[in-house]
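The next block holds one structure in the form of structure tokens; read it before the comments.
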Amino acid sequence: MRIIKANTYEELSKIVAGIIVNQVNEKPDGVLGLATGSSPVGAYKEIIDIYNQGKVDFKNIKTVNLDEYRGLPKDDDQSYLHFMNVNLFNHVNINHDNTNIPDGMTEDIYGECQKYEDIIKSLGGIDLQLLGIGHNGHIGFNEPASDFARMTHCVDLDQRTIEANARFFDSVDDVPKQAFTMGIGTIMSAKKILLVATGESKADVLLETLVGEVRADVPSTILQFHHDVTIVADQKALTKVIETGFVCE
Ligand code: GLP
């Protein structure tokens, strides 16, 4: 895995944005897998800046998002669709018809998951998948489990995830208890993976991701088996990784 250390969140955001913009410029009709959470917000802002300078074009880009809460209407201000619209899609020339995110309101859970996998397949797969990481090693909303989920599915959220995400809601009781997420198999099928992590609270899980035994109860450890993973993290998130002797760029 390639590990890039950033000194500040601003620097981290510029590096992540640069990698995504290069991908778009190399393959202007390619497929980006996108992520929510606080970690990539700065990178999305940087991408918008680069777009406003006329240095990137999203006209023919397609996107698939990692996950969506179950039970939140599309226009709810905590839905991940709303997050993507506000943080990126509304500010660049992407065709909204080319953006995909699971429908959190569907009654047909299995059908929605199958449809999402079919969309990704029909687009030719994901060229670059952006990931954040949960404190428990979740990627997308693949929570610690006894098996790695192969495809898009609906999960019960871990109590730790519900508590971590409560900061975005009025109270912890308002956080949805379930979500749709690409499976580990879906994520691992992406041609390239770009993981972004910030802050001391991610230091343990980042080390575990890199050197821990690959096991489904720390889902991010599966990334050790992917051939093209770049991790961009700040000094605090990398503390333990650096102590262990990993060389960062
Ligand atoms: C949520 C998202 C994940 C994200 C994680 C970490 O649970 N479903 O995709 O990686 O939060 O978020 P943050 O970047 O805010 O720490």
Side-chain angles (χ1 to χ4, degrees), residues 6 8-10 12-13 15-17 20 32-46 63-72 76-84 86-88 100-104 113 116 126 128-145 149 152-169 172 174-184 186-188 190 193-206 208-209 218-223 226 229-234 236-238:
T8 61
Y9 182 65
E10 199 189 348
L12 173 141
S13 301
I15 295 167
V16 173
I20 295 172
L32 295 179
L34 296 176
T36 57
S38 50
S39 306
V41 169
Y44 290 147
K45 284 203 178 89
E46 289 293 335
T63 68
V64 282
N65 257 80
L66 276 171
D67 45 15
E68 177 60 285
Y69 285 118
R70 176 153 188 249
L72 290 189
D76 188 289
D77 62 7
Q78 290 307 328
S79 78
Y80 283 169
L81 175 64
H82 180 81
F83 175 102
M84 289 309 303
V86 167
N87 285 290
L88 183 66
N100 299 280
I101 191 157
D103 175 5
C113 296
Y116 207 61
I126 300 165
L128 174 68
Q129 177 64 55
L130 179 63
L131 296 178
I133 185 166
H135 299 107
N136 57 8
H138 76 231
I139 48 178
F141 266 134
N142 287 276
E143 298 285 27
T152 300
H153 59 293
C154 182
V155 290
D156 292 333
L157 296 178
D158 207 68
Q159 189 55 30
R160 212 173 153 194
T161 302
I162 291 172
E163 282 160 19
N165 289 357
R167 66 201 145 115
F168 300 115
F169 291 81
V172 73
D174 294 326
V175 183
K177 307 292 177 281
Q178 290 186 313
F180 289 94
T181 180
M182 284 183 193
I184 290 290
T186 327
I187 294 170
M188 290 294 283
I193 290 179
L194 174 59
L195 186 145
V196 51
T198 62
E200 221 173 333
S201 67
K202 301 282 171 75
D204 284 319
V205 76
L206 219 46
E208 187 76 1
T209 300
V218 187
S220 55
T221 55
I222 194 77
L223 297 175
H226 195 282
V229 177
T230 301
I231 295 178
V232 186
D234 64 6
K236 287 184 175 158
L238 285 171

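Any value given below was found using the heavy atoms of this structure, including those in side chains, with hydrogens, waters and symmetry copies removed. In listed order, ligands and their atoms are each counted from 1. Numbers here simply count residues along the sequence, with the first being 1.
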TODO: Determine, stepwise, if the pair Asp67 / Thr36 fulfils side-chain contact (heavy atoms from CB on, under 4.5 Å).
DONE: CA-CA 8 Å; Asp67 45 15; Thr36 57; 3.9 Å; yes

TODO: Decide yes or no for Ile162 and Lys177: does some side-chain heavy atom of the first lie under 4.5 Å from some side-chain heavy atom of the second?
DONE: yes

Task: Option passing side-chain hydrogen bond (donor to acceptor under 3.5 Å, both in side chains) with Glu143 (candidates His138, Arg160, Gln159) - done: His138

TODO: Could you name the protein residues that come within less than 4.0 Å of ligand 1, counting only heavy atoms, and order them by chain and residue number?
DONE: Gly37, Ser38, Ser39, Asp67, Tyr80, Gly132, Ile133, His138, Gly140, Phe141, Asn165, Arg167, Lys202

Open item on the list: I want to check something: taking the side chain as every heavy atom from C-beta on, are Leu195 and Leu206 in contact at a cut-off of under 4.5 Å?
Closed with: yes

TODO: Can you sort out the partners of Phe169 under ring-ring contact (aromatic ring centres under 6.0 Å, His included), two or more places apart, ordered by chain and number?
DONE: Tyr69

Open item on the list: When you compare the side chain of Ile222 with that of Asn142, does any pair of heavy atoms fall below 4.5 Å?
Closed with: no

